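Here's the structure we're looking at; comments come further down.
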Amino acid sequence: LPPDPALWQHVTHTRTLVLPLPSTKEQVQELARYVSDSMGGVVKKVGVFGYELPAGEAQQERQSNLLPLGEVTAGVFQHRSLLFKVLCDQLGVGCSLVRGEYGRHWNEVTLLNEGRPKSFVVDLMYSPGRLLAAGSPEVTQYHHI
């Protein structure tokens, strides 16, 4: 695969933006906001979000269906969750990438909550940075909106 200088710009920028924050929770929330902003911002409704046009133009320009992740500037669940995972890995923030049905992907992080580890789904779409308790009704809704 070709190098992805735009992805490394994301990594470099987020190191200065996220790593100085005092807690993992704050780092996760700031990284989620950064990923959302980098991928087109807050989404009101998935069917109305025009992520396909920029990707299609880039694919046509490259004459390839493969795009470097750093060059994706508008994306939904799968695009955002992949960028979030890559950045977390580069920053040393524990995170998992989960693939669901219908092209839905999301990230889960484990944070200390009242001294105990608790899993959260990270909202990268509708309210970037919001942490949803794993297994909650909000998570079920997030997976199916």
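Only heavy atoms go into these numbers, but all of them, side chains included; no hydrogens, no water, no symmetry mates. Numbering starts at 1 and runs along the sequence shown. Please read all numbers here as calculations on a predicted model, not as lab measurements.
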Search all heavy atoms of [X] against all heavy atoms of [Y] and return the closest pair with its distance.
| X | Y | answer |
| --- | --- | --- |
| His79 | Val76 | ND1-N, 3.0 Å |
| His10 | Ser38 | CE1-OG, 3.6 Å |
| Val109 | Gly94 | CG1-O, 3.6 Å |

Between the side chain of Arg80 and the main-chain N/O of Gly75, is any donor-acceptor distance below 3.5 Å? yes
Indicate yes or no for a side-chain donor-acceptor contact from Ser36 to the backbone of Ala32 under 3.5 Å, with no hydrogens or angles considered. no
Side-chain ion pair, Asp37 and Arg33, N-O less than 4.0 Å: no
Check for me, please, whether Leu17 and Leu19 land in the same ILVMFWY cluster - side-chain distances under 4.5 Å, paths through other members count. yes
State yes or no: do Trp8 and Leu69 share one hydrophobic cluster built from I, L, V, M, F, W and Y residues joined by side-chain heavy-atom distances below 4.5 Å, directly or via other members? yes
Gap between atom [atom2] of [Y] and atom [atom1] of [X] - 0.5 Å precision:
| X | Y | atom1 | atom2 | result |
| --- | --- | --- | --- | --- |
| Tyr142 | Leu124 | OH | CG | 5.0 Å |
| Phe77 | Leu82 | CZ | CG | 15.0 Å |
| Leu111 | Phe120 | CG | CZ | 5.5 Å |
| Leu31 | Leu83 | CG | CG | 7.5 Å |
| Gln90 | Thr14 | CD | OG1 | 8.5 Å |
| Arg116 | Thr110 | CZ | OG1 | 15.0 Å |

Check step by step if side-chain contact (heavy atoms from CB on, under 4.5 Å) holds for Val18 and Tyr34. CA-CA 9 Å; Val18 171; Tyr34 175 83; 5.9 Å; no
After noting the C-alpha distance and the side-chain angles of Leu131 and Val122, does the key distance pass the side-chain contact (heavy atoms from CB on, under 4.5 Å) rule? CA-CA 5 Å; Leu131 300 175; Val122 182; 4.0 Å; yes
How are the rings of His143 and Trp106 set to each other: parallel, tilted or perpendicular (split at 30° and 60°)? parallel
Among Val98, Asn107, Val93, side chain to side chain contact (heavy atoms under 4.5 Å, CB included) partner for Lys85: Asn107
Report, as yes or no, whether the 6.0 Å neighbourhood of atom CZ on Arg15 holds more than 12 heavy atoms from other residues, nucleotides or ligands. yes
State, with a plain yes or no, whether a side-chain heavy atom of Val11 is found less than 4.5 Å away from one of Leu87. yes
Any non-hydrogen side-chain atom of Phe84 less than 4.5 Å from a side-chain atom of Leu97? no
